[in-house]
Structure formats: structure tokens, C-alpha cells
Protein chains: 2
Amino acid sequence: MKIGELSERSGLPASRIRFYEANGLLPEAARAPNGYRDYDASMIGRLRIIDLAKSLGFSLEEIANLLPAQVDLKPSCETVSSALTRKLAAIETHMDKLRETRARIEAALHFMQSQPDGAEPRDMSDVRF
Amino acid sequence: MKIGELSERSGLPASRIRFYEANGLLPEAARAPNGYRDYDASMIGRLRIIDLAKSLGFSLEEIANLLPAQVDLKPSCETVSSALTRKLAAIETHMDKLRETRARIEAALHFMQSQPDGAEPRDMSDVRF
DNA sequence: GTAAACCTTAAACCATAGTTGAAGGTCAAG
DNA sequence: CTTGACCTTCAACTATGGTTTAAGGTTTAC
């Protein structure tokens, strides 16, 4: 399969497939005698895994580290599990920050509501949230 | 007060103060006869409000829309309250997305654990999380 | 023979929030 | 009078991440 067909079958532009290869998310493609990339059908699955990982919040760099570029070297279940677990922890951290910001915004909102109607928000400069 | 003094008193580099003015976060500064910006003490408070808003997750563009550049035109409590309320809603939306991603990662993790030891993660391509 | 598909490399794009530099004007001290 | 500190404007650069496009050159297909 040439890159154009893989592109059609995967729904990704060929430029992106080349980019992923150049950045270690895909193994270096085998080449036909004319120099064209030559893929087998398993690449479609691999591209879907990449999409899945992206949608779970993994950066391309993380994905490249997780899916080794050597075709026959596959990540162990432990490698993947621990990456997922770490990503879970990162999400918790992120959510904690959002909760703290939410609390500060709520405090600001309550402060606004406790102020007389004509108060000037600029006076908030003395207030700490 | 010249920009250098405002810079010292506010803790922000003069370059940033000029940048804020150029981007509509601050009113156009009054000018001394020599062209130098001439500030009064209220600017310090205004800069602190900007810092506060940034720390609550408002972008510079949002802040510029919220704090009109005309010195004497001040946002009403309602304007500020509704901006805060909208930001709160945005945070909830964001947290919902994180919760969904977290659930999908957990599903992937459970799937991994249910797999035999030698299973190849690349086979996950058929699985939808 | 010409158009479409492929190749490479490099550069541009998007957004955000600035910082830095160049070229030049102004001001206080010694 | 001159040196250095400060001021002006405007443009270009920084960084991050993921793409996309452009330019220029083969190869294949009809």
C-alpha cells in the first residue's frame, strides 16, 4: 500500500503520516524500488492507536516513547499500564488546580454580591482571592 | 509617575506595561511634554486587577474586553459577575471533559489488566474507549 | 505528453503571552 | 560636553505543539 491509499483508508493526510514517521511515532516505512513508502495493513491499526492515545491526552512525544519505532518491538502491558496510570495522576492534578481556581472565582463572585450596587470593581485591588 | 517607577512599584517590567497598553488592557497613558508616559497611583491597582484576573484563568484578550481602556469608564458589577459566572461554567465544562477522559483511561487500564500477559497492545486497535 | 501521485527539505501557520533588539530622542551628573 | 540611564516606536524573536504548505524534483498512469 502506498501512502495515498493509507491516507485514504486511515483518514489522515499523507503529510501527517510522513510527519509521524519523521518524529518517531511510526517505524521508518519500507520502500518500494522507486523510493515510495510501502505499507501493510497493520499501519491502519497503528494510526488508530495513535489517535486513541492523542484523545486520551498523550502528547506526540509521549506516544513516540511508548510505541517504539522498531516494527517488531512492542511495548509491554506494564509499560502501557504505567503510562495510563501516570496520565490518570496528571488528570487528578489538573482537576485539583481547576477546583482551586473554581473556589477562588466563587469567592470573588460572593464578594461582588456582597458589595453595594455602585461599588467600583477596581477597588478589588486590595482584596486577595 | 514615569513608567520606570510604575514598573518598580508594581513589580512588572516596563516592557509588559507598554505591551498591556498596546493591547488594550490599559488606557492610553497620559503623556508628559517630552512624550514620556505619566501615570498616577491608581495604575498600580489596575495592574494588580489584571494579575488577579490572569490568575483566575482570564486571557489577556478577555481582560481587555472586561476592563475598558477608557480611564473613566468602569465595568459594572454585573459585567464582572457575569464574566466570573461564565468562567465558572467554562471550568465545569473543562472538568467534565477531564472526567470523561479519566473514565476512558480507566476503561483502557481495566482492559489491559484483563488481557493475558503476552497480549500485544497494538491489538487494541479494535477496541473503542 | 501531461496530469496526478509520490519524493525531500524547509518554512510557514495557529495561538498565547510576552521579551528583545534596533534606531533614535531626552535628561541628570560630573 | 559627554556619558550613561532612561524614554520612544516598531519589528522580530522566544517557546510550545501539531500540522500544513511550498518549492522543486521523480515516477507513474492514462
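Every chain is numbered from 1 and lettered A, B, ... according to where its sequence line falls, protein lines coming before strand lines.
Spacing between atom CZ of Arg18(B) and atom C1' of dT9(D) amounts to 10 Å, rounded to whole angstrom units. Residue Leu25(A) contributes atom CG, which lies 12 Å from atom C1' of dG17(D) at whole-angstrom precision. Atom CD of Glu62(A) and atom P of dG18(D) are 9 Å apart (whole Å). As a whole-Å value, the separation of Glu21(A) CD from dG18(D) C1' is 17 Å. Distance, Phe19(A) CZ to dT20(D) C1': 10 Å, rounded to whole Å. Atoms CG (Asp38(A)) and P (dT27(D)) sit 17 Å apart, rounded to a whole Å.
Contact detail for Met43(B) and Pro27(B): the closest heavy-atom pair is CE-CG, 3.6 Å.
Counting heavy-atom neighbours within 6.0 Å of Glu61(A) CD, excluding the residue itself, gives a total of 12 or less. Within 6.0 Å of CD on Glu92(B) lie more than 12 heavy atoms contributed by other residues, nucleotides or ligands.
The side chain of Leu60(A) lies closest to dT19(D), out of dT8(D), dT27(D), dT19(D).
When side chains are defined from C-beta on, Leu98(A) counts as touching Leu98(B), because their heavy atoms get closer than 4.5 Å. Looking only at side-chain heavy atoms (C-beta outward), Tyr20(A) and Ile63(A) stay at 4.5 Å or farther from each other. Side-chain atoms of Leu56(B) and Lys87(B), non-hydrogen and from C-beta on, never get closer than 4.5 Å to each other. Side-chain contact between Val80(A) and Leu84(A) is present, with at least one heavy-atom pair separated by less than 4.5 Å.
Arg37(A) comes within contact range of the sugar-phosphate backbone alone, with a heavy-atom separation under 4.0 Å but no base atom that close.
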Steps toward side chain to side chain donor-acceptor pair (under 3.5 Å) verdict (Ser7(A), Arg16(A)): CA-CA 9 Å; Ser7(A) 163; Arg16(A) 197 181 304 177; over 6 Å; no
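A sub-4.0 Å separation between OP1 or OP2 of dG18(D) and a side-chain N or O of Arg16(A) is absent.
Ser82(A) and Arg86(A) share a donor-acceptor pair across their side chains, judged by distance under 3.5 Å alone.
Bending across the helix from dG1(C)-dC30(D) to dG30(C)-dC1(D), expressed as the angle between its end axes from five pairs apiece, amounts to 40° (10° rounding).
Taking a 4.0 Å limit (strictly below) on heavy-atom distances, residues 4-15 of chain A reaches DNA chain D at Pro13(A), Ser15(A).
In this structure, Lys54(B) and Tyr36(B) both approach DNA chain C, and ranking their closest nucleotides by distance from the 5' end singles out Lys54(B).
A salt bridge links Asp96(A) with Arg99(A): at least one charged nitrogen is closer than 4.0 Å to a carboxylate oxygen.
Taking the ring axis of Tyr39(B) as reference, the NZ or CZ atom of Lys2(B) does not stay both within 45° of it and closer than 6.0 Å to the ring centre.
For DNA chain C, the outermost nucleotides in 5' to 3' order that have an atom under 4.0 Å from a heavy atom of chain B are dA17(C) to dC27(C).
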